[in-house]
Amino acid sequence: MYDHRAIEEEWRRTWEQNSIYRTDEDSGKKKCYALVMFPYPSGSGLHVGHARVYIGADIYARMMRMRGYQVLHPMGWDAFGLPAEEYAIKNKQHPQEATARNIAVFKDQISRLGLSYDWDREINTTDPSFYKWTQWIFIQLFKKGLAYESNMPVNWCPSCKTGLANEDLDAGTCERCGSAVERKPMRQWVLRITDYADRLLDDLDTLDDWSDSVKEVQRNWIGRSDGYTIPFAIEPVGSVVDVFTTRPDTLFGCSFIAISPESTLVDTLLKHAENKEEIEAYRTRAHTAKAAETDKAQTGVLAQGISAVHPLTKKNIPVFIADFVLGGYGTGAVFGSPAHDARDFAFAVRYNLSITQVIAGDGDLPLINTPVDAPLIHSGEYDGTPSEQAKPLLANAAGGKKITVYRLQDWVFSRQRYWGEPIPLIHCGKCGVVPVPDKDLPVTLPDVASYEPTGTAESPLAAIEEWVNAPCPQCGGAGKRETNTMPQWAGSSWYHLRYIDPHNSTVLVDSEKEKQWMPVDIYTGGMEHAARHLIYARFWHKVMLDIGVVSTAEPYAALRTVGIVQAEGGGKMSKRLGNVVDPVAVVDAIGADALRVYIAHIAPFSQTVAWDSRAIAGPRRFLERVYALRDRVQDSAPDRALLQLQHETILSVTDDIAVYRFNTAVSSLMILTNALYDADTVPKETYTALIQMLAPFAPYITEVLWRDLGHNESVHLSHFPQGNAESAQRDTVVIAVQVLGKTRGTVTVSRGSNQEIVLRSIAENTALANRTKGLAVKVFVEDRIISFV
RNA sequence: GCCGGAGUGGCGGAAUUGGUAGACGCUCACGACUUAAAAUCGUGUACCCUCGGGGUGUGCGGGUUCGAUUCCCGCCUCCGGCACCA
């Protein structure tokens, strides 16, 4: 038994003293920026899920370092956010204090896992020297017109007392606290991410080394859809409503127009409608309704005294204000063609509107998925035209225009909470909204008496008069600071750039260093960030490309997603169920090395796994075996078979780690270890290679064994063994003998044997000779198979 | 409903330019060591049968092929994303 506690303590200290993981900036080497998603340092400490991501990324970083790359493998803290603030409210303590304490705990726990971070580059998003640049980026967005003030209804969480972005919602509830979210019109800052929708979508095709599932999630999230706007004149208002449609071929079936209560058109209608009060009441109710409770039964209110003119038939059509029409999608107005849409059909039935079938087909109405070549009917001169062809014809005839719309909406960027980056703007009565000049950044968070959210469009910062009142940077007159803060996603949208140049106080990142390190070569983290952090970060990156801060179109060249670690037997780990596994406790019990090998070996990295407290014995046994072998090492050369296995293992382990196939890499190392265990002698050469290949997985124990082999320097600074394809070739191969498609046995021949030699071997095997007697060889594949029929 | 991913022993999983299915690990059984147990070491561990042999088998049903976990067609189930998206 090796003493993992003593070993791990000793080497952790040694590594720190010698700073062996400091980033090597030798520009003669190829660079490798191996980034792992930094954590929110929560009070509940490190989870095995964290451990899995960090260990995977670390194994990769360690191998690349040993393969001679200059590796940048940093860690930091995404520390703004609500939990620290909630804690501060409860305990009347500055969130910075709780945050600092949590970071200390997290860092201590992380350091127990044997991770090779360069701590000289540690960053913290709540550090003013960091968020100075988050604010600086916001100002660049503002100056480019990509940040704007809006009064549209937003998602409001009544429990967190703040507005939220669409990305912060989970099926109509607050992603963080689970409360039903309301729609609430309020002043807010919004980022024009939709301006970048096309680039965000199209550039996904350039990300060859991202998993398809993440790209698909982003495509769904952006949700590009091509259609038309069709103008309907409104009488007697005299204005025009543009409706959005992807189905202009059903235009002759149009029996109503529906406008979103959130649309500004409603104000215009109100001036002329006969039932103003009813419409007002409906709109108010729609605005305050909880998103999750929105009536799926499609209600609406008819605008009395108002009608729309059908652009083709010139007939008058009723106009409804209806909450099933989304304010933020398309034009906020649609036309209803009930015969060919389930929702329009239900609406028409409810309000007794006409239903006219305009595309031929059998069956009950509504007829939904009609074929593209189904002919139009009841459509005047277009009768008989196939529906797909009819789309542009009818759209053009109606005066429509082609338009591309997105499901993605602009990013609601302001939060009415304390613990976030202050938005660096000053409101001036004369000059309007003025950005804080660079020289005055960062705008630091002042101390407040109470962190309690106000429940209004202002954050607790609004109560600090001496902070709020600030002279206008432009005219010097009296101004007021913006009191909204940024969402938690702000810092993580660009942090990868700060690791490159963490101590620079004059620029966000030195451009030479940026060119040296970007893009991130491999980014490791959770799938849950696919439609949040990873979209935001790509968006900011493209803006920074446009303003010359960065030099690449994409921030992350390759992406590896980690699977969830479930509780023993499956299901979510939760404190309530008492099934949470504490990685530090596991490290104490069996050692970080065994935990790392276990995590690496248990399943493919991206796959969900259930924790298995029994299976963890295997990796520990494996390490014990490797440790025990040291007493049998001899200075002899490996025999041919062992040398072959040694090189085969080096090649496969190198390949496997490169593509995060840690499970099969560990299997290969176990096979080699078992072979050494069975061998009469343990050749030093083979054992040395084994220790070096194992080093990325088990960094502590391999240091001890490396020292035993007579080395003074760390194994992690040694060079990863080089595999030789020639040596990895086997001398003999086993060939399957198939008769009528069934494998009936095997013969062993030397590699590269031709058919004659194989047939001779078969003849020497009585059973196989009888089986194949009188049959013809159908297929012979060298070194693989011979098939008789 | 739309889009993506996946279904292999008691369990986690391995193998795909089509070529011996079940590597490696866990579990379990038996044996060695021990007064005994643990640990360790050794052997075995897909299923079935009439067991020195034979048959079946990679979610289900078809197909292509000398040969299919791998390719094609049609289903089922599970996981993830989106969803009143016009």
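Labels below follow one simple rule: chain letters A, B, ... track the order of the sequence lines, proteins then strands, and each chain is numbered from 1. Hydrogens, waters and symmetry mates are skipped; everything else that's a heavy atom, side chains included, is used.
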Peer 1: What contact category does A/Asp344 fall into here, base, sugar-phosphate, or nothing, at under 4.0 angstrom with non-hydrogen atoms?
Peer 2: nothing

Peer 1: For A/Phe335, check ring-ring contact (aromatic ring centres under 6.0 Å, His included) against everything at least two apart and list the hits.
Peer 2: none

Peer 1: Is A/Arg219 paired with A/Asp212 through a side-chain N to carboxylate O contact shorter than 4.0 Å?
Peer 2: no

Peer 1: Has the side chain of A/Glu216 got a donor or acceptor atom sitting under 3.5 Å from an opposite partner on the base of B/rG5?
Peer 2: no

Peer 1: Can you list every pair that meets salt bridge (charged side-chain N to carboxylate O under 4.0 Å, His left out) and has a residue in residues 661-682 of chain A, with sequence neighbours left out?
Peer 2: A/Asp656-A/Arg661

Peer 1: Table please: side-chain donor-acceptor pairs of residues 769-776 of chain A below 3.5 Å, with sequence neighbours left out.
Peer 2:
residue	atom	partner	partner atom	Å
A/Asn770	ND2	A/Thr766	O	3.4
A/Thr772	OG1	A/Leu768	O	2.9
A/Thr772	OG1	A/Ala769	O	3.4

Peer 1: Would you call A/Arg343 and A/Asp341 a salt bridge, taking side-chain N to carboxylate O under 4.0 Å as the test?
Peer 2: yes

Peer 1: Table please: side-chain donor-acceptor pairs of residues 778-789 of chain A below 3.5 Å, with sequence neighbours left out.
Peer 2:
residue	atom	partner	partner atom	Å
A/Asp783	OD1	A/Gly752	N	2.8

Peer 1: Using a cut-off of 4.0 Å between protein heavy atoms and nucleotide atoms, how would you tag nucleotides 6-14 of chain B 5' to 3' with B, S and -?
Peer 2: ------BSS

Peer 1: Identify whether any heavy atom of A/Val777 sits under 4.0 Å from a base atom; if not, whether one sits that close to sugar-phosphate; answer base, sugar-phosphate or nothing.
Peer 2: nothing

Peer 1: Give the table of side-chain donor-acceptor pairs shorter than 3.5 Å for residues 666-677 of chain A, with sequence neighbours excluded, one pair per line with atom names and distance.
Peer 2:
residue	atom	partner	partner atom	Å
A/Ser667	OG	A/His601	NE2	3.3
A/Ser667	OG	A/Asn663	O	3.2
A/Ser668	OG	A/Ser652	OG	3.4
A/Ser668	OG	A/Thr664	O	3.1
A/Thr673	OG1	A/Leu669	O	2.7
A/Asn674	OD1	A/Arg625	NH1	2.7
A/Asn674	ND2	A/Met670	O	3.4

Peer 1: Where the side chain of A/Arg407 is defined as all heavy atoms beyond and including C-beta, which of B/rC85, B/rA86, B/rG19 is the nearest nucleotide?
Peer 2: B/rC85

Peer 1: List, with names and distances, any nitrogen or oxygen atoms from the protein found under 3.5 Å away from nitrogen or oxygen atoms belonging to nucleotides 39-42 of chain B.
Peer 2:
residue	atom	partner	partner atom	Å
B/rC41	OP1	A/Arg625	NE	3.4

Peer 1: What residues, two or more places apart in sequence or in another chain, satisfy salt bridge (charged side-chain N to carboxylate O under 4.0 Å, His left out) together with A/Glu624?
Peer 2: A/Arg620

Peer 1: What contact category does A/Val405 fall into here, base, sugar-phosphate, or nothing, at under 4.0 angstrom with non-hydrogen atoms?
Peer 2: nothing

Peer 1: Tell me which nucleotide among B/rU20, B/rG25, B/rA86 gets nearest to the side chain of A/Asn674.
Peer 2: B/rG25

Peer 1: Which base sits across from B/rA32 as a Watson-Crick or G-U pair, both distances under 3.5 Å?
Peer 2: B/rU40

Peer 1: Which of these, A/Trp489, A/Trp411, A/Trp221, sits in a side chain to side chain donor-acceptor pair (under 3.5 Å) with A/Glu167?
Peer 2: A/Trp221

Peer 1: If the sugar-phosphate is the primed atoms plus P, OP1 and OP2 and the base is the rest, what is the B/S/- string for nucleotides 46-54 of chain B, using protein heavy atoms under 4.0 Å?
Peer 2: --------S

Peer 1: Need one value for A/Leu326: base, sugar-phosphate or nothing, where a base atom within 4.0 Å counts as base even if backbone is also close, heavy atoms only.
Peer 2: base

Peer 1: Using a 4.0 Å heavy-atom cut-off across all strands, classify A/Arg784 as base, sugar-phosphate, or nothing.
Peer 2: sugar-phosphate

Peer 1: For B/rC33, does the O4'-C1'-N9-C4 (purine) or O4'-C1'-N1-C2 (pyrimidine) torsion place it in syn, i.e. within 90° of 0, or in anti?
Peer 2: anti

Peer 1: Return the pairing partner of B/rU20 with a 3.5 Å limit on both distances, Watson-Crick or G-U wobble; otherwise return none.
Peer 2: none

Peer 1: Find out whether the Lys NZ or Arg CZ of A/Arg630 is both under 6.0 angstrom from the six-membered ring centre of A/Tyr627 and within 45° of the ring's axis.
Peer 2: yes

Peer 1: Who passes salt bridge (charged side-chain N to carboxylate O under 4.0 Å, His left out) against A/Asp731, sequence neighbours left out?
Peer 2: A/Arg640

Peer 1: The criterion is salt bridge (charged side-chain N to carboxylate O under 4.0 Å, His left out); which residues satisfy it with A/Asp198, sequence neighbours excluded?
Peer 2: A/Arg224

Peer 1: Nearest to the A/Asp212 side chain among B/rG5, B/rA86, B/rC24, which nucleotide is it?
Peer 2: B/rG5

Peer 1: Are A/Asn155 and A/Val412 side-chain neighbours, meaning at least one heavy-atom pair lies under 4.5 Å?
Peer 2: no

Peer 1: Taking only side-chain N and O atoms of A/Asn220, does any of them lie within less than 4.0 angstrom of OP1 or OP2 on B/rC85?
Peer 2: no

Peer 1: If the glycosidic angle is within 90 degrees of 0 it's syn, otherwise anti, so just tell me which one B/rG9 is.
Peer 2: syn

Peer 1: Looking at RNA chain B, which of residues 241-253 of chain A put a heavy atom within less than 4.0 Å of it?
Peer 2: A/Phe244, A/Thr245, A/Thr246, A/Arg247

